[in-house]
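First the structure, in the form of structure tokens, and then the observations on it.
Atoms considered below: every heavy atom in the structure, side chains included; atoms not considered: hydrogens, waters and symmetry mates. Everything numeric in this text was worked out from a predicted model, so none of it was measured.
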Amino acid sequence: MFTLAWPWLLLLLPLPLIFYKAKKRQTQAMGGHLQLPGISENRFTTTQRQPPKRQLPLWLVWVLLVFTASRPLWVGDAIELPSKGRDLMLAIDLSGSMQIEDMVFEGKPVDRFTMVKHVMSDFIDRRQGDKLGLILFADHAYLQAPLTQDRRSIAQFLSEAQIGLVGKQTAIGEAIALAVKRFDKAEQSNRVLILLTDGSNNSGAITPDQAAEIAAKRGVTIYTIGVGAEVMERRTLFGKERVNPAVDLDETQLTKLASMTQGRYFRARNAKELEQIYHEIDKLEPTESEQLTYRPQSELFYYPLALALLLNLLFILWRHPLIASKLTKQEAL
């Protein structure tokens, strides 16, 4: 979009005309000019008055200079600036038990991790203004993505993760410790860790309680989510039997970790409950409501300025004695 930064300067456009008329009235009021001895009247008037055609370049130069002074700009489309939010780290369990197909998504049975990826992608998309990071843990915890405002990259990294990528066990303590370490490198903000698992800590060099104590001292709030259905049917040689697929889930420990850091524990037995959990976390850790925008601006003043300089140069050459004499002879003919 084209605009002018100082459009009020266009009011200066008729200024030369005002001065010209004022001078003309002053001359008429004085009743003419004083005739000096030895100076030809025709010589005096021809040097003071110019034909209207020769004044046109000067008018164009003046218009271009005023237009330059008004600072023409080209304003681009609005760009959203990242608002000040919070640092939020996602720690996702990739142990072997996450491939148990005890979840239903869109009417089809799916494994736990597939359901988590689908539901969490919507949660990531809603975190405008926040910095997100991704930790994947199994035998050990690994930083998949540091804290960033690029939500698309986080969602892409999560969708590309595979069960067994980092082992088959569950290192909850290491995941918490790694998140706290990454928070220390960031600026002070609301530090939130969402830890999602379907088991209990059975690997790693640090216990979950030790890691939670460090997190509490560093101001990190932990929201723990236990994933797994309570009842699942499976086929055996003697027919179908109902089992509890989440028997390995240590809800007591996850509740303790959350309470130690002023967080909360949630249980996700199905996709609907997991989605409700993310909406609840949205309420507990809301994003910034104010969104700032920025419109990039490109200066265009040098175009009319260059044209004004070019016209002024041509006008000077036009008034050169040799060129002026030729034009006078042509007008006389």
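In plain terms, the two heavy atoms of A5 and L73 that are nearest each other are CB-CD1, 3.9 Å. S70 and L4 make their closest contact through OG-CD2, 3.6 Å (heavy atoms, listed as atom of the first residue, atom of the second, distance). In terms of heavy atoms, G226 sits closest to L254 at CA-CD1, 4.1 Å. The nearest pair of heavy atoms linking P72 to P304 is CG-CG, 4.4 Å. A258 and T224 get closest at one heavy-atom pair: CB-OG1, 3.8 Å. Shortest non-hydrogen contact noted between L9 and A69 is CD1-O, 3.1 Å.
For the pair F123/I194, a side-chain contact is recorded, criterion being any heavy-atom separation below 4.5 Å from C-beta on. I172 has its side chain within reach of L257: a pair of non-hydrogen atoms, C-beta onward, lies under 4.5 Å apart. Taking 4.5 Å as the limit, every side-chain heavy atom of V110 sits out of range of all side-chain heavy atoms of E101. Residues L10 and V66 have side chains in contact (heavy-atom distance under 4.5 Å, counting atoms from C-beta outward). You'll find the side chain of L193 reaches within 4.5 Å of the side chain of I176, heavy atoms only. Using a 4.5 Å cut-off on side-chain heavy atoms (C-beta onward), M98 and D111 make no contact. The side-chain heavy atoms of F113 and Q99, taken from C-beta on, include no pair separated by under 4.5 Å. Under the 4.5 Å side-chain criterion, counting only non-hydrogen atoms from C-beta, L274 is in contact with I225.
Looking at D198 and S97, their side chains do bring a donor and an acceptor atom within 3.5 Å of each other. Between the side chains of E160 and Q156, at least one donor-acceptor pair of N or O atoms lies under 3.5 Å. A donor atom on one side chain and an acceptor atom on the other are found under 3.5 Å apart for T197 and D93.
Note on I206 and M89: same hydrophobic cluster, where clusters join Ile, Leu, Val, Met, Phe, Trp and Tyr whose side-chain heavy atoms are under 4.5 Å apart, directly or indirectly. Note on L11 and L65: separate hydrophobic clusters, where clusters join Ile, Leu, Val, Met, Phe, Trp and Tyr whose side-chain heavy atoms are under 4.5 Å apart, directly or indirectly. Residues I222 and M260 do not share a hydrophobic cluster, clusters being chains of Ile/Leu/Val/Met/Phe/Trp/Tyr side chains in contact below 4.5 Å. The cluster map of Ile, Leu, Val, Met, Phe, Trp and Tyr, joined by side-chain heavy atoms under 4.5 Å apart, puts W8 and L15 in the same cluster. Hydrophobic cluster membership is shared by L300 and W6, with clusters built from Ile, Leu, Val, Met, Phe, Trp and Tyr side chains linked at under 4.5 angstrom.
Side-chain N or O atoms of N202 include none that pairs as donor or acceptor with a backbone N or O of Q169 at under 3.5 Å. Side-chain atoms of W74 do not come within 3.5 Å of backbone N or O of E299 as any donor-acceptor pair. Side chain of E174 to backbone of A205: a donor-acceptor contact under 3.5 angstrom is found. Not one N or O on the side chain of D130 forms a donor-acceptor pair closer than 3.5 Å with the backbone of L132. In this structure, the side chain of T255 does not engage the main chain of Y265 through any donor-acceptor pair within 3.5 Å.
Taking a 6.0 Å sphere around NZ of K117, one finds it holds more than 12 heavy atoms contributed by other residues, nucleotides or ligands. For Y302, the OH atom counts as densely surrounded, since its 6.0 Å shell holds more than 12 non-hydrogen atoms of other residues, nucleotides or ligands.
Here the straight-line distance linking atom CD1 of I100 with atom CD1 of I163 works out to 10.0 Å at 0.5 Å rounding. In this structure, E275 CD and M115 CE are separated by 10.5 Å, a value rounded to the nearest 0.5 Å. Between I214 atom CD1 and R218 atom CZ the span is 6.5 Å, to the nearest 0.5 Å. Once rounded to the nearest 0.5 Å, the distance linking OG of S121 with CZ of R126 reads 9.5 Å. I124 contributes atom CD1, which lies 10.0 Å from atom CZ of R151 (distance to the nearest 0.5 angstrom). Once rounded to the nearest 0.5 Å, the distance linking OG of S153 with CD of Q144 reads 11.0 Å.
Salt-bridge check for K168 with D139: failed, with every basic side-chain N at 4.0 Å or more from each acidic carboxylate O. By the 4.0 Å N-to-carboxylate-O rule, R267 lies too far from E273 to be salt-bridged with it.
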Worked verdict on T261 versus R191 for side-chain contact (heavy atoms from CB on, under 4.5 Å): CA-CA 11 Å; T261 58; R191 303 176 176 186; over 6 Å; no

Audit row: F137, T170, side-chain contact (heavy atoms from CB on, under 4.5 Å) steps and yes/no: CA-CA 7 Å; F137 67 95; T170 309; 3.7 Å; yes

Candidate pair T148 and I154, rule side-chain contact (heavy atoms from CB on, under 4.5 Å), full reasoning: CA-CA 8 Å; T148 177; I154 298 296; 3.9 Å; yes

R127/L88 under side-chain contact (heavy atoms from CB on, under 4.5 Å): CA gap, chis, key distance, verdict: CA-CA 9 Å; R127 305 309 299 184; L88 194 152; 3.9 Å; yes

